[in-house]
Amino acid sequence: MGLIDKIKGEFIDIIEWTDDSRDTIVWRFPRHDNEIKMNAKLTVRESQAAVFVNEGQIADAFPPGMYTLQTQNMPILSTLKGWKYGFSSPFKAEVYFVNTRQFTDLKWGTQNPVILRDPEFGMVRLRAFGAFAIRVIDPPALLRELAGTDPQFRTEEVGEYLRQIIVGRLGTALATSGVPMLDLATQQGNIGDRLAQALSQELAPVGIAIPKFVIENISLPPEVEAALDKRTQMGIVGDLNQYTQFQAANAIQDAANNPGGAGEGLGVGLGMALGQRVGQQFQPQQPGYPQQGYQQPGYATPPQGYPQPGHQQPAPPPLPPQIQWYVGANGQQAGPFDDNGLRQQVAAGVLTPQSLVWHQGMAQWTPAAQVPELGPLFGATPPPLPPQA
């Protein structure tokens, strides 16, 4: 401290602290040479406590209120200092203000998974995270065990220590809770309350309690969550046979909405498969012919006229492909058209005998009247009339 602080120390007899931060736990009152005058006023506000330290030893602690510092109201300090100076000299001591309110902005989380034994799934790995609050319940113990002579002791200096203790207790709390993994979400509040009590008992020697402990989430590794999602989907689907039929019907509808190419092939294939399945379900049973899946004793071959088991009827050959025509009308290309499409173009007056046409295999565009295949589209045209006399 400089000269100004020394001069102020001769006149200022009010000792107080107003906290303008949200994370300061302990704050040491600055005084020149630690000299505190006799009859100085000490103001301790709500959510605070004041601790006097003399020559490295804690002398007294004051709860909220206003005090006049005399040897009469500081018996411990009187024993330490008063005998030497006749109880009239200034106190040479340090004053520490301790914040006793709750600090609620502390987070915790498991850096590595906690391995547990679940009654339904066996060995599982769990991760968890959440928040907790701390409060100083024994200011002298806090100074002795954690803060020491730090002039400004903050939550960040004790946060990592508290998180290590929490993670060490978490596995035991989850394992001894007796709650299956799938029911942990419904018991997070109860588990958090038990952890708060256990942690408060463990931290009592250092003057700290944990009034609130919150478990925000307990999660599984991503691959295990994916497996659970699959299991949930199977449970929702129910009968896989009915689900397959439903999926096939949806595929047919999608193929019908997307004509051409692979959509037509998919629709035809699925339609044939579904039609065969429906036909098997509704096919009447002929007398003398065993039902599907029923084995009659001594039955060798079906009666004459019924298809042999395992015999497949030959499928008809595919239809010949139709020629796709292109038409040149009004300087623009239109098409492709099949035979029915060409007839519609003729009826609409777009395709005439003078219109140019082309299909794959032709060398060039040709008037429709010169293409023999298109002659039937225009009908018989009579020759021109002879000149009249």
Side-chain angles (χ1 to χ4, degrees), residues 17-30 44-51 53 58 61 63-64 94-116 125-177 184-185 187-221:
W17 175 48
T18 54
D19 184 15
D20 58 355
S21 70
R22 298 298 301 170
D23 60 351
T24 302
I25 303 178
V26 179
W27 182 78
R28 185 174 65 192
F29 182 77
V44 183
R45 291 174 170 80
E46 291 290 341
S47 74
Q48 293 181 353
V51 178
V53 177
I58 295 178
E94 299 172 347
V95 180
Y96 290 88
F97 284 91
V98 180
N99 213 332
T100 58
R101 68 173 180 86
Q102 288 192 39
F103 294 88
T104 59
D105 55 350
L106 300 175
K107 304 292 183 180
W108 66 272
T110 55
Q111 185 176 2
N112 297 314
V114 178
I115 302 177
L116 301 176
R125 296 184 301 157
L126 299 179
R127 292 182 181 271
F129 65 88
F132 65 100
I134 65 171
R135 169 181 284 168
V136 179
I137 57 175
D138 190 347
L142 178 67
L143 290 178
R144 284 193 298 265
E145 301 296 336
L146 294 179
T149 59
D150 191 344
Q152 193 170 11
F153 185 69
R154 298 178 178 271
T155 54
E156 62 183 14
E157 301 178 53
V158 73
E160 185 61 30
Y161 167 71
L162 296 177
R163 280 190 288 270
Q164 292 175 358
I165 296 179
I166 288 172
V167 174
R169 284 278 187 173
L170 180 65
T172 303
L174 294 177
T176 58
S177 64
L184 284 176
Q187 299 295 325
Q188 289 180 181
N190 296 333
I191 297 175
D193 294 340
R194 290 198 295 268
L195 269 173
Q197 296 178 3
L199 292 171
S200 296
Q201 294 178 0
E202 184 171 351
L203 295 172
V206 297
I208 294 178
I210 296 184
K212 189 65 176 177
F213 188 88
V214 178
I215 301 176
E216 297 183 21
N217 184 53
I218 300 176
S219 61
L220 295 166

Kindly list each side-chain donor-acceptor pair under 3.5 angstrom involving residues 102-110, sequence neighbours excluded, with atom names and distances?
unit_1 : atom_1 : unit_2 : atom_2 : d
Trp108 : NE1    : Val214 : O      : 3.2
Thr110 : OG1    : Ala128 : N      : 3.1
Thr110 : OG1    : Ala128 : O      : 3.3

Sequence-distant partners of Arg169, salt bridge (Lys or Arg N to Asp or Glu O under 4.0 Å), two or more places apart: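 Once residues adjacent in sequence are excluded, the partners of Arg169 under the salt bridge (Lys or Arg N to Asp or Glu O under 4.0 Å) criterion are Glu202.
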Identify, with sequence neighbours excluded, every residue that meets salt bridge (Lys or Arg N to Asp or Glu O under 4.0 Å) alongside Arg22.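 Salt bridge (Lys or Arg N to Asp or Glu O under 4.0 Å) list for Arg22, sorted by chain: empty.
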Please give me the minimum heavy-atom distance between [X] and [Y], naming the atom from each residue.
{"X": "Asn99", "Y": "Val136", "answer": "O-CG2, 3.7 Å"}
{"X": "Arg125", "Y": "Ile115", "answer": "CG-CG1, 3.9 Å"}
{"X": "Ser219", "Y": "Asn217", "answer": "CB-ND2, 3.6 Å"}

What donor-acceptor contacts under 3.5 angstrom involve side-chain atoms of residues 139-156, with partners at least two apart or in another chain?
unit_1 : atom_1 : unit_2 : atom_2 : d
Asp150 : OD1    : Gln152 : N      : 3.1
Gln152 : NE2    : Thr24  : OG1    : 3.4
Arg154 : NH1    : Asp23  : OD1    : 2.7
Arg154 : NH1    : Asp23  : OD2    : 3.3

What pairs of residues pass the side chain to side chain donor-acceptor pair (under 3.5 Å) test when at least one of them lies in residues 187-201, not counting sequence neighbours?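 As it turns out, the side chain to side chain donor-acceptor pair (under 3.5 Å) pairs with a partner in residues 187-201, which skip direct neighbours, are Gln187-Asn190.
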How many angstroms lie between atom [atom1] of [X] and atom [atom2] of [Y], to the nearest 0.5 angstrom?
{"X": "Leu170", "Y": "Leu126", "atom1": "CG", "atom2": "CG", "value": "8.5 Å"}
{"X": "Ile208", "Y": "Ile25", "atom1": "CD1", "atom2": "CD1", "value": "6.0 Å"}
{"X": "Leu116", "Y": "Leu174", "atom1": "CG", "atom2": "CG", "value": "5.5 Å"}
{"X": "Ile215", "Y": "Phe129", "atom1": "CD1", "atom2": "CZ", "value": "11.0 Å"}

Sidechain-backbone polar pair: Ser47 side chain, Thr100 backbone, donor-acceptor under 3.5 Å: no
Under the side chain to side chain donor-acceptor pair (under 3.5 Å) rule, collect the residues that match up with Glu160, sequence neighbours excluded. Arg163
Note, [X] side chain near [Y] side chain (heavy atom, < 4.5 Å):
{"X": "Leu195", "Y": "Phe132", "answer": "no"}
{"X": "Thr18", "Y": "Arg45", "answer": "yes"}
{"X": "Leu162", "Y": "Leu203", "answer": "yes"}

What class does the angle between the rings of Trp27 and Trp17 fall in, given that below 30° is parallel, 30 to 60° is tilted and above 60° is perpendicular?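 Trp27 vs Trp17 ring planes: parallel.
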